[in-house]
Amino acid sequence: MLLNVLSDPQALDAVQGKHDIPLVFISWLVALAASYAGLDIIKLVRKVSSSLWRGIWLFAGASAMGLGVWSMHFIGMHAYQLDFPVTHAPVVTLLSILPAILGSLSALVVLSRHTPSHRTLLLAGAGLGAGIGAMHYSGMAAMRMPAELYHSLNLFLISLLVAVALGMASVYVYRLCQHEWGLQRSKRCAFIAALCVSIAVSGMHYVAMQAAWFAPDASVLIPSISSHSHSQWLIYLIGVAAVLTALLTLVATGVQRRLHASQRHEYMTQTRLLEVISALQDSVVLLDDRARVRLCNAAFERLVGINAEHLVGTSISHITYAQDNQTLNRHIRQALDESGVWSGMISALRANGKAFPAWLSVSRVNYADSDDRDYVALISDRSEEQQAQQRIRYLAYHDMLTELPNRRALQERLADVSNAEKSVHKRAFLALLDIDRFKLLNDSLGQDIGDELLRQLSRRLQNWVEVGLYAARLDGNEFALVGEFSSVENSSAQGEVYSLLERVLTSLTADYELQSHTYPCKLNVGVLIFNPFKREGSAPLFKRADLALLLAKRLRDGQPQFFREEQERELEERLIMERELRIAIDHDQLCLYLQPQVN
């Protein structure tokens, strides 16, 4: 194709045609629709993993976009009305679509990438503009008419500049919109970029037509009827074909996108389900109806020390996951056959053989679309929970300062002693120990010294726990000892307890070293000997032992004082007298009687 440059149109009597405005508008709409259809494929292409399908969809989008650009040029050429008939060479006209497709393909390939460089974007925009320009001027070379075609050099160069510049702008507009809004608004990005492409195509075309001049051949007789009326049907046919192609491309893209989204959703659902199961800290196992492993997570692999590839297909009876798992499996199978669910605490086994407490729950899985039945098992490690419960129980039943059992633990110990039906011991004793003048020690040397005395005394009491006694700290400076013995007679029982307590007191009253202070500790001891089989409860026992301790505090001789029934009667009589006196005072029932004495 040779380019005839015209410097002075008047010299050759060159003429120009006029544009049919409705057809100009139609040509622009065709270019817009086709460009949008081509650019809308980019979102789909990014989601396709197969390189073959990526290439197919890119070529389909470039074809739809190139056909639209070519259709815009073809309709625009027929919208250009000259005073002489114009025809087009079919082969050259059809071949002119190739530059448009190639230019569109270069732009789509670059825009389908995730992070194209600026140089690549510029080259893609230049390729799109060059394809539009090559398509236009090769299409004009296909014109057959009784005239010579010339071009104004300045407008010719401007048309190419418009095509390349607006092509680059279209590529950058799409990329910027995509960067700002992401793929969630890809349709809006495609429409804005398609608007720029359609303006580039139309702008280049109509600037180029302004650069075209036609010098009629004077030797040829020009018919009076324009060829425009004869090609009207061809214009609409090509325009409708281009629009239908764009619509079909959009429909195909939408259908493929929905199919891809559905497949991806199904894949992501399965993948995420597996990832969720794998992320669980509890062991999860899916078993078939024959108790064979179908699926398990990483926690179960770590538990049994076997890889999942070797576990799948293995019967659960061949996997040692708990102590006495064969008996456990039979109980679980029986429960599943009856109710479809089983749960309970088990002693699970780690891969190294170490047992730990775990909660096992097994449930039947019934599928809506199948008669198959599976079973899902969940093993939860309860070691930390059990340790926490043990710690809570320890805090509830022990004194934090001395780490001895507290009053609540002592009450339960007394209940255990009373409930021991087959015990060989016939008698038991409860001794309450009170540190004499402990408040004076606290006030003079400080509470830290007092706490140290309590801790050291507690450690000495712990030595007597090893010989069968039960020691506890009740509160403040008061401790307790509980023991059992086989004597039946009260006199022999009292002597046996007295002898034992003497040895205990000898160890407890030895001097204490309290931060460079030597302290000779003295204890007041009240003792109750009782029959554990009477099951009187702990309250009466404490009450009687306290009475003996009160006597020891009053005497302060360091000797154990045993409870006597007279003490309880004296206390009751005293309480009754105090109550009656208070009532008499409140009701003014006291009277004063004088008895005269005569000497």
Side-chain angles (χ1 to χ4, degrees), residues 399 405-420 425-440 470-485 487-498 500-501 505 522-597:
D399 174 62
N406 57 13
R407 180 181 293 272
R408 182 178 180 182
L410 179 60
Q411 290 173 344
E412 292 193 3
R413 173 63 178 175
L414 291 173
D416 293 339
V417 171
S418 300
N419 294 330
H425 302 293
K426 306 299 183 181
R427 288 286 189 271
F429 73 89
L430 170 63
L432 301 183
L433 294 78
D434 178 83
I435 301 176
D436 191 33
R437 305 180 70 184
F438 181 74
K439 185 176 184 303
L440 179 61
Y470 187 86
R473 181 193 179 196
L474 303 184
D475 49 37
N477 61 328
E478 190 171 326
F479 295 83
L481 279 175
V482 175
E484 299 176 76
F485 52 94
S487 298
V488 178
E489 298 296 332
N490 289 335
S491 59
S492 61
Q494 184 170 328
E496 185 176 349
V497 174
Y498 188 87
L500 174 63
L501 290 178
L505 290 176
K522 184 178 180 180
L523 296 174
N524 301 314
V525 183
V527 187
L528 169 67
I529 297 176
F530 63 96
N531 185 352
F533 301 112
K534 288 185 178 181
R535 300 180 181 178
E536 298 177 274
S538 60
L541 301 180
F542 276 110
K543 173 186 173 183
R544 295 164 188 168
D546 277 331
L547 290 176
L549 180 61
L550 287 175
L551 178 60
K553 289 181 179 180
R554 189 163 57 248
L555 297 176
R556 295 181 63 188
D557 57 0
Q559 299 297 317
Q561 300 297 322
F562 289 85
F563 170 77
R564 303 187 314 276
E565 293 183 358
E566 293 81 5
Q567 292 175 323
E568 193 170 20
R569 286 197 299 270
E570 290 174 0
L571 177 63
E572 291 177 355
E573 291 174 358
R574 182 180 179 84
L575 292 176
I576 292 173
M577 182 180 293
E578 288 180 356
R579 184 174 65 253
E580 290 179 348
L581 286 174
R582 188 176 295 106
I583 294 173
I585 293 173
D586 292 339
H587 293 80
D588 197 19
Q589 294 176 351
L590 295 179
C591 297
L592 178 63
Y593 293 91
L594 299 177
Q595 181 180 2
Q597 294 184 358

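Note that the structure is predicted; figures quoted are calculated from it, not measured.
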Practice item. State, to 0.1 Å, how close Val497 and Ile529 come at their nearest heavy-atom pair, and which atoms those are. Key: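 Scanning both residues completely, I find the closest heavy atoms to be CG2-CD1, 4.1 Å.
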Working to the nearest 0.5 Å, report the span between [atom1] of [X] and [atom2] of [Y].
X: Ile435; Y: Leu523; atom1: CD1; atom2: CG; value: 6.5 Å
X: Asp399; Y: Arg408; atom1: CG; atom2: CZ; value: 14.5 Å
X: Arg413; Y: Ser538; atom1: CZ; atom2: OG; value: 14.0 Å
X: Leu481; Y: Tyr470; atom1: CG; atom2: OH; value: 11.5 Å
X: Arg437; Y: Asn477; atom1: CZ; atom2: CG; value: 13.0 Å
X: Leu549; Y: Leu430; atom1: CG; atom2: CG; value: 10.0 Å

Review point. So among Asp416, Leu414, Val417, which one has a side chain to side chain contact (heavy atoms under 4.5 Å, CB included) with Pro532?
Key: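 Only match with Pro532 under side chain to side chain contact (heavy atoms under 4.5 Å, CB included): Val417.
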Report all side-chain donor-acceptor pairs from residues 551-566 shorter than 3.5 Å, counting only partners two or more places apart or in another chain.
| residue | atom | partner | partner atom | Å |
| --- | --- | --- | --- | --- |
| Arg556 | NE | Asp436 | OD2 | 3.4 |
| Arg556 | NH2 | Asp436 | OD2 | 3.2 |
| Asp557 | OD1 | Gln559 | N | 3.0 |
| Gln559 | OE1 | Tyr498 | OH | 2.5 |
| Gln561 | NE2 | Gln559 | O | 3.4 |

**Study point:** side chain to side chain donor-acceptor pair (under 3.5 Å) partners for Lys439, two or more places apart
**Key:**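 Here the qualifying residues are Asp443.
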Review point. Do any pairs count as a salt bridge (charged side-chain N to carboxylate O under 4.0 Å, His left out) and have a residue in residues 576-589, sequence neighbours left out, and if so which ones?
Key: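 Residue pairs with at least one partner in residues 576-589: Arg574-Glu578.
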Point to revise | Side-chain touch Phe485/Leu500, heavy atoms, less than 4.5 angstrom | key: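 No, their side chains stay 4.5 Å or more apart.
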**Study point:** Contact check, side chains of Glu478 and Leu433, non-hydrogen atoms, under 4.5 Å
**Key:**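 No, side chains not in contact.
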Run the side-chain donor-acceptor check on residues 539-546: report pairs under 3.5 Å with partners two or more places apart or on a different chain.
| residue | atom | partner | partner atom | Å |
| --- | --- | --- | --- | --- |
| Arg544 | NH1 | Glu536 | OE1 | 3.2 |
| Arg544 | NH1 | Glu536 | OE2 | 2.9 |
| Arg544 | NH2 | Glu536 | OE2 | 3.1 |

Check your understanding: Looking at residues at least two apart in the chain, or sitting in another chain, which of them share a side chain to side chain contact (heavy atoms under 4.5 Å, CB included) with Ile585?
Key ->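 Once residues adjacent in sequence are excluded, the partners of Ile585 under the side chain to side chain contact (heavy atoms under 4.5 Å, CB included) criterion are Leu590.
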Check your understanding: Partners of Arg407 by salt bridge (Lys or Arg N to Asp or Glu O under 4.0 Å), sequence neighbours excluded?
Key ->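 If we apply the salt bridge (Lys or Arg N to Asp or Glu O under 4.0 Å) test to Arg407, skipping adjacent residues, the hits are Asp475.
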